[in-house]
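Report on the following structure.
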Amino acid sequence: MKLNPSRTQLEREMRSAADPVRAAFLAGYFKTGKGEYGEGDKLLGITVPIRRKISRRFRTLPLPEVQIVLKSAIHEHRAAALDILVLQYRQGDAKQRDAIVKFYLANTRYINNWDLVDASCRAILGEYLKTPSRAILDKLARSKNIWERRIAIISTMSFISAGDLDDAFRLSEALLNDKHDLMHKAVGWVLREAGRVDRQRLLLFLEENYARVPRTTLRYAIEHLPLEQRKKILAGDFEP
């Protein structure tokens, strides 16, 4: 590998790793059919470990090149671009991290499936917002774009891992009326992880908002609880 790997080299390696049979399966998994949330997305069929191995070799790719890859119609290209951004963010200084976050927020329209959101937002935006103002999360949570809303809530997982739950519960409440099933799952996932840190706060949140919590969200949020307690909560019984 040359010291300055190029976008074309990256794309060539990814083509070599393509698996048409797996690509056909993934097309259904990522809902690429007409009218589905991933409509028109193209798949190469590359496994995540292989893609990440390739991405690591191109972690020094300049941002203008990364942006071209991120704009690709091919799902794994976009995923690789985000892998590279995560690696660059982790290794960058404060100035580089500022630039990467700015780049990330300017290109959210290409972070347009649940796996792309989940694999990147915590490691970039979530980590970045441990220090500065988190107002951008409220803006993203109000977006008409489902992927920006998902970025907002999943980014709070970084705060949860540090024991900071306020934004997770606040944004979860703001998103309870979201109509999309993928958001119901995302909010439930975040609530579940927040509940691992503070179970009583989770139970109080669910009791106060029970009438508004989508069933999918509720099931995800309580799946770490004992079976009998889960049954009671699903029935609206929060008595100890």
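All of these numbers come straight from a predicted model, not from anything done at the bench.
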Validation row: [X], [Y] side chains within 4.5 angstrom (heavy atoms):
| X | Y | answer |
| --- | --- | --- |
| L70 | F103 | yes |
| T216 | V187 | no |
| L26 | L44 | no |
| R122 | E127 | no |
| L43 | F25 | no |
| E39 | T32 | no |
| P5 | R57 | no |
| L10 | I54 | yes |

>> Going by ring pair (Phe, Tyr, Trp, His ring centres under 6.0 Å), name the pairs with one or both residues in residues 135-155, residues two or more places apart or in two chains.
In response: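 As it turns out, the ring pair (Phe, Tyr, Trp, His ring centres under 6.0 Å) pairs with a partner in residues 135-155, which skip direct neighbours, are Y37-W147.
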> Please, which pairs that meet ring pair (Phe, Tyr, Trp, His ring centres under 6.0 Å) have at least one residue in residues 202-233, sequence neighbours excluded?
Replying inline: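 Listed once each, the pairs are F169-F205, Y210-F238.
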Heavy-atom closest pair, residues [X] and [Y]:
| X | Y | value |
| --- | --- | --- |
| A141 | A152 | N-CB, 3.7 Å |
| L202 | A221 | CD2-O, 3.5 Å |
| I84 | S55 | CG1-O, 3.8 Å |
| S120 | I111 | OG-CG2, 4.1 Å |

Out of the candidates [options], only one should pair with [X] under the side-chain contact (heavy atoms from CB on, under 4.5 Å) rule; please name it.
| X | options | answer |
| --- | --- | --- |
| I151 | L105, L140, I146 | L140 |
| I153 | V190, L137, D167, V117 | V190 |
| E11 | R7, E13, Q9 | R7 |

Reported [atom1]-to-[atom2] distance for the pair [X] and [Y], which is rounded to 0.5 angstrom:
| X | Y | atom1 | atom2 | result |
| --- | --- | --- | --- | --- |
| L61 | S6 | CG | OG | 7.5 Å |
| I68 | L63 | CD1 | CG | 11.5 Å |
| I154 | C121 | CD1 | SG | 6.0 Å |
| L85 | I100 | CG | CD1 | 6.5 Å |
| L218 | H184 | CG | NE2 | 12.0 Å |
| L191 | L206 | CG | CG | 6.0 Å |

Enumerate the residue pairs fulfilling side chain to side chain donor-acceptor pair (under 3.5 Å) with a member in [range], sequence neighbours excluded, ordered by first and then second residue.
| range | result |
| --- | --- |
| residues 137-146 | D138-R170, S143-E148 |
| residues 195-205 | D166-R201, E193-R196 |
| residues 87-102 | D98-Y128 |

>> With a sphere of 6.0 Å drawn around NZ of K31, does it hold more than 12 non-hydrogen atoms of other residues, nucleotides or ligands?
In response: no
So, the side chain of [X] versus the backbone of [Y]: is there a donor-acceptor pair under 3.5 Å, distance only?
| X | Y | result |
| --- | --- | --- |
| D19 | R22 | yes |
| K130 | F159 | no |
| R109 | A106 | yes |
| E76 | G45 | yes |
| R230 | L225 | yes |

> Do L116 and Y29 sit in the same hydrophobic cluster, where Ile, Leu, Val, Met, Phe, Trp and Tyr count as joined when their side-chain heavy atoms come under 4.5 Å apart?
Replying inline: yes
> Going hydrophobic residue to hydrophobic residue with side-chain gaps under 4.5 angstrom, can you get from L234 over to W189?
Replying inline: yes
> After noting the C-alpha distance and the side-chain angles of K185 and T217, does the key distance pass the side chain to side chain contact (heavy atoms under 4.5 Å, CB included) rule?
Replying inline: CA-CA 6 Å; K185 293 176 181 178; T217 299; over 6 Å; no
>> Applying side chain to side chain contact (heavy atoms under 4.5 Å, CB included) to V69 and R78, what does each step give before you reach the verdict?
In response: CA-CA 6 Å; V69 180; R78 302 197 303 282; over 6 Å; no
> Are K53 and I50 close enough, and set up right, to give a side chain to side chain contact (heavy atoms under 4.5 Å, CB included), and what steps lead you there?
Replying inline: CA-CA 5 Å; K53 185 177 180 180; I50 290 175; 5.6 Å; no
>> Does F58 form a side chain to side chain contact (heavy atoms under 4.5 Å, CB included) with V66? I'd like the steps, not just the answer.
In response: CA-CA 10 Å; F58 292 86; V66 173; over 6 Å; no
>> Can you list everything that forms a side-chain hydrogen bond (donor to acceptor under 3.5 Å, both in side chains) with D178? Sequence neighbours excluded, please.
In response: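 Here the qualifying residues are R149.
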>> Does this structure show an ion pair linking R59 with D83, if we count only N-O contacts that are shorter than 4.0 Å?
In response: no
